[in-house]
J.: 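This is the structure, below, for whatever I ask next.
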Amino acid sequence: MTGVPASAAGGPSGARRVKGPASGGLTPASGRALAREARDRAPGGFGGGKARRDASGPEDVRAEAVSSATSSSPSPSEDTGIAGTAEAQGSTRAPRGGKIAAAAVDQASVWNIANLLTMLRLLLVPAFVMLMLADGGYDPAWRSFAWAAFAIAMITDLFDGHLARTYNLVTDFGKIADPIADKAIMGAALICLSALGDLPWWVTGVILGRELGITLLRFLVIRYGVIPASRGGKLKTLTQGVAVGMYVLALTGWLATLRWWVMAAAVVLTVVTGLDYVKQAIVLRRQGIAERKAALEETEE
């Protein structure tokens, strides 16, 4: 309207003529300056120009620095050497004492069903003796009650060990109390029968001597290994329980004769399995000594 050209007024067309490549006054230095200025004004330009730095705050700068550091650091899954592998393993390593804590959690309570059955057998021992010797020890009624207590003790002996192994209820108390309860109820029955004259003392001596001797032998060779329970030993325990139970009852006639044969079979199994355990203990001890000598020779070499 005033007649002033747009180029003189500094309009857009004039700016383009000044900056454009067709301008005759453009020098290499001014060209580089214009290129730098254009790069700085571009928000997404390569190299992160001034406009980009001005638009981003301190938090963006820190995030960009962390991102670049993370992208430049090697991944644990890559071949980064021993240090990288150790660092990756260290991040997943359980804290010190973790295994001990896990073992404490997995440890079964003393008051579990298997140990309660073992405690019941221990309590049945004095109850059995009182019932067995009540009224002179020859009353059929009291002998029947004594047989019931003995039968309960023998039946629980079959279940407590199975429950402990099946449901992970094995405890230190059970390991100690279970064999004590076994020997206690059987020893009490044999001694009572021999004291009443129903069973010869030599039978009681053979059975109890074998049981105590094998138990002591197990402790002597435990440094070399554990003697496993054999089928003959289990059959011996069953036969002893049946024979003693038949003697506890006031049987007459052919049942009294049958119990004599059952007891004879129990005595034979007691002796045979006892000798087998002695043989296994000797072999186990020899193997343990040979393995120790071989280990010492290897260390010396």
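This chain uses plain numbering: 1 for the first residue, then up along the sequence.
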J.: Measure the CH2-CG distance between Trp111 and Leu169 for me, rounded to the nearest 0.5 Å.
T.: 15.0 Å

J.: Which heavy-atom pair separates Phe150 from Ala189 by the least distance, and what is that distance?
T.: CE1-CB, 3.9 Å

J.: Sub-3.5 Å donor-acceptor pair from the side chain of Tyr167 to the main-chain atoms of Ala114, do we have one?
T.: no

J.: Grouping I, L, V, M, F, W and Y whenever their side-chain heavy atoms are under 4.5 Å apart, do Val125 and Leu199 come out in a common cluster?
T.: yes

J.: Using every non-hydrogen atom in the two residues, find where Val170 and Ala164 come nearest and quote the distance to one decimal.
T.: CG2-O, 3.5 Å

J.: Membership question, hydrophobic clusters at under 4.5 Å side-chain separation (ILVMFWY): are Tyr277 and Leu275 in the same one?
T.: no

J.: Atom CD1 of Ile214 and atom CZ of Phe219: how far apart are they, to the nearest 0.5 Å?
T.: 13.0 Å

J.: So which atom in Thr156 and which in Leu117 form the shortest heavy-atom distance, rounded to 0.1 Å?
T.: CG2-CD2, 4.0 Å

J.: Indicate yes or no for a side-chain donor-acceptor contact from Thr204 to the backbone of Ser194 under 3.5 Å, with no hydrogens or angles considered.
T.: no

J.: Any heavy-atom pair between the side chains of Asp178 and Asp157 that's under 4.5 Å?
T.: yes

J.: Quick one: do Arg292 and Glu297 satisfy side chain to side chain contact (heavy atoms under 4.5 Å, CB included)? Show the steps, please.
T.: CA-CA 9 Å; Arg292 289 189 177 184; Glu297 291 176 358; over 6 Å; no

J.: Is it true that Ile155 and Met186 fall in one hydrophobic cluster, defined by side-chain heavy atoms closer than 4.5 Å?
T.: no

J.: Heavy atoms only: give me the nearest Asp135-Asp139 pair and the separation to one decimal.
T.: OD2-OD2, 3.3 Å

J.: For Arg210, which of Thr215, Thr270, Thr273 qualifies under side chain to side chain donor-acceptor pair (under 3.5 Å)?
T.: Thr273

J.: Can you find a pair of side-chain heavy atoms, one from Trp142 and one from Met132, that are under 4.5 Å apart?
T.: no

J.: Is the backbone N or O of Val110 less than 3.5 Å from a side-chain atom of Asn115, with the two atoms forming a donor-acceptor pair by type?
T.: yes

J.: Same cluster for Leu258 and Leu249 if Ile/Leu/Val/Met/Phe/Trp/Tyr side chains link at under 4.5 Å?
T.: yes

J.: Look at atom NZ of Lys234 and say whether more than 12 heavy atoms of other residues, nucleotides or ligands are closer to it than 6.0 Å.
T.: no

J.: Before you tell me yes or no, could you show the steps for Lys236 and Asp276 under salt bridge (Lys or Arg N to Asp or Glu O under 4.0 Å), namely the whole-Å CA-CA distance, both residues' side-chain angles and the distance that decides it to 0.1 Å?
T.: CA-CA 12 Å; Lys236 177 268 307 176; Asp276 181 63; over 6 Å; no

J.: If every non-hydrogen atom of Ala188 is compared with every non-hydrogen atom of Val129, which pair is closest and at what distance?
T.: CB-CG2, 3.9 Å

J.: Do NZ/NE/NH1/NH2 and the carboxylate oxygens of Arg165 and Asp160 come within less than 4.0 Å?
T.: no

J.: Hey, are the side chains of Ile289 and Tyr224 touching, using non-hydrogen atoms and a 4.5 Å cut-off?
T.: yes

J.: Does one hydrophobic cluster hold both Leu217 and Ile207, with members joined at side-chain heavy-atom distances below 4.5 Å?
T.: no

J.: Measure the spacing between OG1 of Thr239 and CG of Leu269 and express it to the nearest 0.5 Å.
T.: 5.0 Å

J.: Compare every heavy atom of Pro179 with every heavy atom of Gly174, then report the nearest pair and how far apart it is.
T.: O-CD, 4.1 Å

J.: Could you measure the distance from the CE atom of Met246 to the CH2 atom of Trp147? Nearest 0.5 Å is fine.
T.: 11.0 Å

J.: State, with a plain yes or no, whether a side-chain heavy atom of Val244 is found less than 4.5 Å away from one of Met263.
T.: yes

J.: Is atom CZ of Arg286 surrounded by more than 12 heavy atoms (other residues, nucleotides or ligands) closer than 6.0 Å?
T.: no

J.: Compare all side-chain heavy atoms of Leu208 with those of Ile191 and state whether any distance is below 4.5 angstrom.
T.: yes

J.: If you measure from CZ on Arg259 to CG on Leu251, what distance do you get to the nearest 0.5 Å?
T.: 5.5 Å

J.: Does a side-chain heavy-atom distance below 4.5 Å link Met154 with Gln240?
T.: no

J.: Taking the side chain as C-beta and beyond, is there a heavy-atom pair between Val248 and Asp198 under 4.5 Å?
T.: no

J.: Cut-off 3.5 Å, side chains only: do Thr171 and Asn112 have a donor facing an acceptor?
T.: no

J.: How long is the span from the CZ atom in Phe173 to the OG1 atom in Thr118, to the nearest 0.5 Å?
T.: 7.0 Å

J.: Answer whether the closest heavy-atom distance between the side chains of Tyr247 and Arg143 falls below 4.5 Å.
T.: no

